[in-house]
Amino acid sequence: MPRQLLGKYLCRRISGRTIRAQITETEAYCGTKDLACHASKGLTPRTKIMFGPPGHAYIYMIYGMYYCFNVVTREEGCPEAVLIRGTKVVSDQWSMTGKNKYSLSSKKPAIDYRPLSTRLNGPGKLCRELKIDKKLSGVDVCKSRELWIEDSQEEIKSSQIKKGKRIGVDYAGKWKNKLWRFLL
DNA sequence: TATACGATCACCT
DNA sequence: GGTGATCGTATAC
């Protein structure tokens with residue numbers, strides 16, 4: 001599933017405008033045994049979306065300031081999800097203006113003028129840019145008109161996909177070495 | 001109730 | 001290479 005999502009479009013409607021961003025990087029988090037997966041803590045208020053039906057958005061806050069967006073990939077009771085780690089903009093009627101406000105500290109500008117390529121290439125960054133937050137947690141990405149995923153025309157060959165270890169999960173024992181990160 | 005820390009990022013040396 | 005920002009969640013008391 002993490003490989004099947006590569007190349008597809010992550011779509012977001014903001015104020016009546018639609019942004020499409022091609023998914024270029026994903027990671028898989030697999031069930032209650034995978035110590036890197038939040039579901040390894042069991043069914044809690046936080047993880048209940050992952051234990052629910054597939055196709056729903058599991059969105060959580062990390063480090064007190066960023067959100068991460070995942071898609072639940074397996075049937076109810078089987079808590080697996082794919083984290084969307086990176087995207088590339090395809091069509092955009094909104095953030096090309098470069099007027100996405102952010103402020104990490106008072107020193108920084110209220111408007112982010114950096115190119116989009118550097119604003120969508122990370123799980124926290126793409127959520128900030130696409131205004132994905134906890135309010136969208138649980139939405140069905142097959143049905144939602146706010147946040148959804150579309151197939152792309154292009155065929156992704158397995159030779160185009162690089163694999164690697166997942167990022168930021170050094171605490172997860174042997175699970176940290178699983179090659180469950182995938183990049184186009 | 002209190003505390004430790006994280007599926008990150010930007011900035012610093 | 002390292003660190004601070006900042007808060008929800010899990011875990012310990």
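On a predicted model such as this, the values are computed, not experimentally measured, just so you know. Naming: A, B, ... by sequence-line order, numbering from 1 per chain.
- In this structure, A/I49 atom CD1 and B/dA7 atom C1' are separated by 17 Å, rounded to whole Å.
- Residue A/G64 is in base contact, counting any heavy-atom pair closer than 4.0 Å across all strands shown.
- In summary, A/R13 and A/E146 engage in a salt bridge, as defined by a charged side-chain N under 4.0 Å from a carboxylate O.
- The pair A/K8-A/D151 meets the salt-bridge criterion, since a charged nitrogen lies less than 4.0 angstrom from a carboxylate oxygen.
- The nearest whole Å value for the distance from the CG atom in A/L35 to the P atom in B/dG6 is 13 Å.
- The side chain of A/R128 places an N or O atom within less than 4.0 Å of a non-bridging phosphate oxygen (OP1 or OP2) of B/dA10.
- Dashed line: the shortest gap from a side-chain N or O of A/T44 to OP1 or OP2 of C/dT9 is not under 4.0 Å.
- Note: A/L184 CG to A/K88 NZ = 7.5 Å, rounded to the nearest 0.5 Å.
- Counting heavy atoms from C-beta on, the side chains of A/V141 and A/F69 come closer than 4.5 Å.
- Distance A/E27 CD to B/dA7 P: 10 Å, rounded to the nearest Å.
- Annotation: cation-pi geometry satisfied between A/R46 and A/Y60 (NZ/CZ under 6.0 angstrom from ring centroid, within 45° of ring axis).
- Atom OH of A/Y66 is separated from atom P of B/dT8 by 11 Å (rounded to the nearest Å).
- Within the 4.5 Å cutoff, the side chain of A/K125 has no heavy atoms near those of the A/L120 side chain.
- A/I132 has its CD1 atom 15 Å from the C1' atom of B/dT8, to the nearest Å.
- Nucleotides C/dG1 and B/dA7 place their C1' atoms 22 Å apart, quoted to the nearest Å.
- The side chain of A/K41 places no N or O atom within less than 4.0 Å of a non-bridging phosphate oxygen (OP1 or OP2) of C/dG8.
- Between A/C78 and A/E80 the shortest side-chain heavy-atom distance falls below 4.5 Å.
- In this structure, the CZ atom of A/R119 is 15 Å from the C1' atom of B/dA10, given to the nearest Å.
- Under 4.0 angstrom from either OP1 or OP2 of B/dA7 there lies at least one side-chain N or O belonging to A/H38.
- For the pair A/Y63 and B/dT8, the ring geometry qualifies as stacking, because the centroid separation is below 5.5 Å while the planes lie within an angle under 30°.
- Under the 4.5 Å side-chain criterion, counting only non-hydrogen atoms from C-beta, A/T87 is not in contact with A/Q22.
- For B/dT8, the OP1/OP2 oxygens have a side-chain nitrogen or oxygen of A/R85 closer than 4.0 Å.
- Atoms CZ (A/R46) and P (C/dA10) sit 6 Å apart, rounded to a whole Å.
- Aromatic ring pairs are classed by plane angle as parallel below 30°, tilted from 30° to 60° and perpendicular above 60°; the pair A/W175 and A/W180 is tilted.
- Heavy-atom distances under 4.0 Å link DNA chain B to A/I167, A/G168, A/V169, A/Y171 of residues 163-184 of chain A, given in residue order.
- Taking a pair as Watson-Crick or G-U with both hydrogen-bonding distances under 3.5 Å, the stems of three or more pairs touching DNA chain C are B:1-6 with C:7-12, B:8-12 with C:1-5.
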